[in-house]
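Only one structure is covered here, and it is reproduced in the block below.
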Amino acid sequence: MTRGECREIIVRCIKEIVGNDDLPSQIEDDYNLIKAGVVDSLKFVKLVLLIEDKCGIKLELEKLSNEEFGTVRGFIMLLAKGIE
Amino acid sequence: MKNLVQLGDSSCCWQKVLNDPVTEMKKTINWSAVYSWDPKYSSGEGVACYEKCDGYCCTPFFGDELKLINAEPVLPMLESEYEYLLSIGGLAGVTDNVKSEVYEPVEGAEVRVYYAKCSCRGLCSPHEFRPFICQVYPFFPLIDAEGEIEGFEIASLLDMFHKNENPCYLAEKKSIKVQERVRKHLQPLIRGNPEMIFLLRAVRTITEFMKRALKETVEIRNTKNRRKFLSSFERKVFMREPWRNEEFLKRIASEYMNAFNE
């Protein structure tokens with residue numbers, strides 16, 4: 001799976017959990033869902049589980065730095081690593 | 001998050017208990033009685049305890065160092081407590097900023113928990129109407145399955161991990177006296193009350209699993225140690241890691257059945 005394909009899956013999952021109304025029209029890689037306030041703990045867990053379910057992998061969130069945690073880039077990195 | 005646990009026939013018994021109006025009255029916590037005390041603690045040196053710690057219990061614990069979880073204190077309460085607070089006029093700065101989640105400890109039984117984001121910084125008014133979790137701070141009663149107080153756990157989730165000193169003056173210097181007061185007031189209200197027994201047993205289980213997941217302790221004066229600890233702590237809490245497993249769900253289901261299905 002290419003980085004672009006990983007990104008597409010992540011964005012689709014984010015939209016499914018958060019809903020289009022609360023998201024910017026263009027979701028950049030450094031967009032932080034937690035800092036932007038569009039997910040709380042419950043939604044974040046749901047998002048992680050959805051990505052894991054769709055891709056059949058376990059996201060190793062502990063590998064992310066504080067800066068990457070909650071960002072689109074962080075999710076892409078973990079997904080790309082998980083399916084290597 | 002619906003925590004479904006299959007319990008087979010036993011869930012039918014529970015359903016009967018739920019629908020019985022007499023049992024319904026008995027099972028609910030008498031919040032009016034719970035709130036009938038106002039534990040004002042003195043330092044014993046002519047000043048209120050909060051003057052010894054700069055109001056540690058009501059300020060955001062290390063708020064500027066937390067990146068994921070709320071810097072403002074978040075006070076959990078059962079629906080019955082939240083409704084009681086509303087019935088007496090609400091508590092400004094507490095009941096006006098709430099979110100709720102519904103849990104399903106056993107099939108067909110919903111437990112709604114409200115999470116109030118507190119912005120009062122110790123100035124909630126009337127102060128005697130502060131939520132239950134604040135009233136019992138800095139200790140949390142540990143009860144057995146029958147509702148007898150066996151001992152106390154340090155509150156809050158974060159405070160449990162202090163290695164040496166606890167910033168709370170009461171926890172450090174007045175623990176026996178405070179625990180005696182809490183025991184005297186609460187024991188009669190816990191015994192025979194299913195909702196109270198479930199609440200306290202559930203919190204006991206929550207803290208037990210948190211301790212299992214986070215084995216470290218923290219020296220709060222050591223900045224490097226504290227930051228590392230807080231990062232690990234908040235990720236586990238934010239991701240609900242200690243509680244997203246089958247064993248935890250089974251324990252909660254069991255506590256629920258034990259408390260209500262008698």
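In this text, all values refer to a predicted model and were calculated from it rather than measured experimentally. In what follows, every chain begins at residue 1, and chains take the letters A, B, ... in the order their sequences are listed.
With rounding to the nearest 0.5 Å, the separation of CD in B:E101 from CG in A:D40 is 7.0 Å. For the atom pair A:S41 OG and B:K99 NZ, the distance stands at 8.5 Å (nearest 0.5 Å).
A:F44 and B:F238 have tilted rings, their planes meeting at an angle from 30° to 60° on a 0 to 90° scale.
A:V45 and B:R240 get closest at one heavy-atom pair: CG2-CD, 4.2 Å.
Looking only at distances, a side-chain donor or acceptor of B:R235 sits under 3.5 Å from a matching main-chain atom of A:L61.
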